[in-house]
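Order of appearance sets the numbers: ligands from 1, and atoms from 1 within every ligand. Remember, it's a predicted structure, so these values are computed and weren't measured experimentally.
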Amino acid sequence: MPRFDALLIDMDRTLFDFDGAEATALAAACEECALRYSDGVLAHYREINREVWRRYDNREISRAELNVERFGRLLKAVGGASDPAVFGGLYLKKLSSEGTLLPGALELMRDVCARMPVVIITNGDDDTQRGRLDASLMASLACSMVASDEVGAAKPDPLMIREGMRLVGITDVSRVIMVGDSLNDDIGAAKAAGVVSCWLNPGRKPAPDDLKPDYEIRSLPELREILGLNLYNG
Ligand SMILES: [Mg+2]
């Protein structure tokens with residue numbers, strides 16, 4: 001008997017190369033707006049983005065304001081004359097088509113999707129994340145997605161996990177595992193919902209006592225053993 005009835009899994013930095021997608025999308029938006037792109041511009045953007053996302057997480061600004069504000073601040077800092085809303089639109093359009101997966105993700109997901117329901121649980125907007133899934137080599141696999149802007153709550157809110165379980169019709173929390181690279185968001189959401197948790201922790205960082213995951217892996221292929229995939233293969 002399989003150990004779990006469903007796999008819930010984070011998207012960015014777990015299955016998908018978000019850092020690469022972000023850099024590609026920013027470079028493309030800069031090019032379209034005749035702005036010089038560099039590693040310095042990217043680093044500056046990431047700093048601004050973190051601050052603006054914090055404001056969004058605190059519900060101080062809306063998603064639309066987030067997109068305008070982060071690019072407004074970036075354009076001001078680098079002396080760009082473009083409209084932040086236009087620049088943000090170009091960025092999101094390019095980002096939505098970036099579906100590069102991290103090493104080992106496709107092989108693992110091919111095997112898992114053939115054996116149990118898989119739901120991607122992602123903090124992000126539905127259009128962008130679905131666009132990226134459709135653009136990826138995972139597009140043909142039977143997996144579902146829950147995006148935070150659809151749910152109206154973001155990980156670590158357990159609503160994200162509950163929506164994923166509802167999608168695949170599973171109610172027994174002991175038969176569901178949530179996997180992700182963020183201790184706060186992914187493991188926090190799993191614990192709040194009462195499902196089994198697995199932390200993708202390649203950097204071997206320590207976990208505080210209140211966020212200790214049930215399982216910990218250094219790389220995605222290690223998930224095979226936890227899911228019992230080797231048992232299926234006989
Ligand atoms: Mg992540």
* Asked: Is there an N/O/S atom in Asp10 that lies less than 2.8 Å from the Mg ion (ligand 1)?
  -> yes
* the Mg ion (ligand 1) contact by Asp12, N, O or S atom under 2.8 Å -> yes
* To do: Have a look at Asp181 and say which of its N, O or S atoms is nearest the Mg ion (ligand 1).
  => OD1
* Asked: salt bridge (charged side-chain N to carboxylate O under 4.0 Å, His left out) with Arg73: which of Glu47, Glu65, Glu51?
  -> Glu51
* Kindly confirm or rule out a cation-pi arrangement of Arg70 over Tyr45, judged by NZ or CZ under 6.0 Å from the six-membered ring centre and within 45° of its axis? => no
* Donor-acceptor side-chain pairing of Ser174 and Asp172 below 3.5 angstrom -> yes
* Asked: So which of Ile217, Asp214, Val179 actually passes side-chain contact (heavy atoms from CB on, under 4.5 Å) with Ile226?
  -> Ile217
